[in-house]
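Report on one structure; see the data block that follows.
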Number of protein chains: 2
Amino acid sequence: MIAREDEPIPASQDSDVLELIELFFFAYRDFVGDADRLLENYGFGRAHHRILHFVQRRPGLSIAALLDILQITKQSLNRVLKQLLDEKLVESRAGPSDRRQRLLYLTHTGSELAKELARIQAARFERVLDNMSWKEKENAIEFLYSMIDEDQRPQVRQHLRHAKASFIRNNET
Amino acid sequence: MIAREDEPIPASQDSDVLELIELFFFAYRDFVGDADRLLENYGFGRAHHRILHFVQRRPGLSIAALLDILQITKQSLNRVLKQLLDEKLVESRAGPSDRRQRLLYLTHTGSELAKELARIQAARFERVLDNMSWKEKENAIEFLYSMIDEDQRPQVRQHLRHAKASFIRNNET
DNA sequence: TTTTTACGTCAGCTATATTGACATAATTCT
DNA sequence: AGAATTATGTCAATATAGCTGACGTAAAAA
């Protein structure tokens, strides 16, 4: 192949961007690998992990809100959620104002597993963040944030607000 | 719950680290979503994408090397690879020195699809990188790099070296 | 010549997701 | 009060992507 000066290499084939695409792929592969190995011991999969994680983050989450976060169908959710309910890691209570709603909460057992999973994934980030300045941490958050679809950001922002509120409620003095 | 001053919140439950875990999840979800939508038009899935991507990056990749990158079993690979061979997006040639090896190459059609997929994923990164200084870009690469398992980094490094070499070979003046 | 390596393939299984249809109870609208 | 909508649950069928185990073949290495 002969290079032509008038036809610069498009960015989509730029070596550095391709490298980033791959690094992102490998990083995610290893990131979820941690949890996958742990979940195997309990006979659960990634789908269970996601439920445990988001219910831990926002106790009292409704089915609709969870579906919105996970972006899967209710049938997909239900198969996995049912297992977690049966094995008493999650419990659902009717909403106090709207009794059609099922609000999800983790049991003690569920919470312990969620914490264990959070611990192992947090450890990876901590290891990474330890070598970073405050400014670099800000940049990393900003980088990941801007990787998210623009039209999804409001929902992500809202989720994080809710999660933060739950967090403060459960840790206030 | 009553906060106890002698029991600080462990980092695994630190609000900021949990936020990073979630941002990483959402970012990856949207990142692969781009390609997923495109692949649907062709009746392919993520597994096909990965093969197309890595063979595009390193033409002449052997089955063993590809398995090493993807970290799946040869049976899993074969089902998908066979489709790509049948539909003539990939072709395999016996290795010149070791004729047991099957070296993989993309056909013109395969290469066009691989480029289209790279374009859409690169676009996301470009949009993100456009607002970043050179230093911030370096940091982003470093951040993703350190998210990868330490024992996997040599292999990733090696892959990137190989890919870069292929890239230069195909773009040299 | 024997053994090992690189790869292909068959069969059966699991996990995660999908669409479509239908059911039920609770809330809201008219 | 009755009708429509909403939140959720459930059944059935299907697709994709992975797995293990077993067996086969051709080529290379010992």
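The sequence lines fix the lettering, A, B, ..., with proteins before strands; numbering per chain opens at 1.
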A:Lys82 NZ to D:dT8 P, in whole Å, measures 17 Å
If we count only N and O atoms by modelled type, under 3.5 Å, do the side chains of A:Tyr42 and A:Glu116 hold a donor and an acceptor together?
yes
To the nearest Å, give me how far apart CZ (A:Arg102) and P (D:dT6) are.
18 Å
In whole angstroms, how far is the C1' atom of D:dT10 from the CG atom of A:Leu85?
14 Å
Starting from A:Met132, can I reach A:Phe143 by hopping between I/L/V/M/F/W/Y residues whose side chains sit under 4.5 Å apart?
yes
Round to the nearest Å and state the distance from B:Leu77 atom CG to D:dT20 atom C1'.
16 Å
Find the distance A:Asp98:CG to D:dT8:P and express it as a whole number of Å.
8 Å
Tell me whether the OP1 or OP2 atom of D:dA17 has a side-chain N or O from B:Ser76 closer than 4.0 Å.
no
Report the C-alpha distance between A:Phe24 and B:Phe24 in whole Å, list the side-chain angles of each, state the deciding distance to 0.1 Å, and finish with yes or no for side-chain contact (heavy atoms from CB on, under 4.5 Å).
CA-CA 10 Å; A:Phe24 203 59; B:Phe24 203 58; 3.8 Å; yes
Find the distance A:Leu61:CG to D:dA7:C1' and express it as a whole number of Å.
14 Å
B:Arg99 CZ - D:dT25 C1' separation (whole Å)
14 Å
Most 5' of B:Asn78 and A:Val80 on DNA chain C, judged by nearest nucleotide
B:Asn78
Among the nucleotides D:dC19, D:dA22, D:dT8, whichever has the atom closest to the side chain of B:Thr73 is D:dC19
Closest-nucleotide ordering on DNA chain C, the 5'-leading residue of B:Ala64 and A:Ile72
B:Ala64
On the side chain of A:Arg100, is there an atom forming a donor-acceptor pair with the base of D:dT8 - under 3.5 Å, no angle test?
no
Looking at A:Tyr105, I'd like to know if the NZ or CZ of A:Arg93 sits under 6.0 Å from its six-membered ring centre while staying within 45 degrees of the ring's axis.
yes
Report which part of the nucleic acid B:Glu40 touches: base, sugar-phosphate, or nothing (heavy-atom distance under 4.0 Å, all strands).
nothing
Against the side chain of A:Gln75, the closest entry in D:dT20, D:dA28, D:dT10 is D:dT10
Give one of base, sugar-phosphate or nothing for A:Ser92, where a contact means two heavy atoms less than 4.0 Å apart.
nothing
Classify A:Arg79 by what it touches in the nucleic acid, base, sugar-phosphate, or nothing, heavy-atom distance under 4.0 Å.
base
Contact boundaries of DNA chain C with chain B (under 4.0 Å, heavy atoms), 5' to 3'?
C:dT5 to C:dC10
Main-chain N/O of A:Arg100 paired to A:Asp98 side chain as donor or acceptor, under 3.5 Å
yes
Quickly work out the B:Leu39 CG to D:dA15 P distance and round it to whole Å.
18 Å
From the options A:His49, A:Gln56, A:His53, A:Glu112, select the one residue that forms a side-chain contact (heavy atoms from CB on, under 4.5 Å) with A:Leu117.
A:His49
Have a look at B:His49 and say if it touches a base, only the backbone sugar-phosphate, or nothing, with a 4.0 Å heavy-atom cut-off.
nothing
Go through the side-chain N and O atoms of B:Asp30 and A:Gln152 and say whether any donor and acceptor fall under 3.5 Å apart.
no
Between the side chain of B:Thr107 and the main-chain N/O of B:Lys88, is any donor-acceptor distance below 3.5 Å?
yes
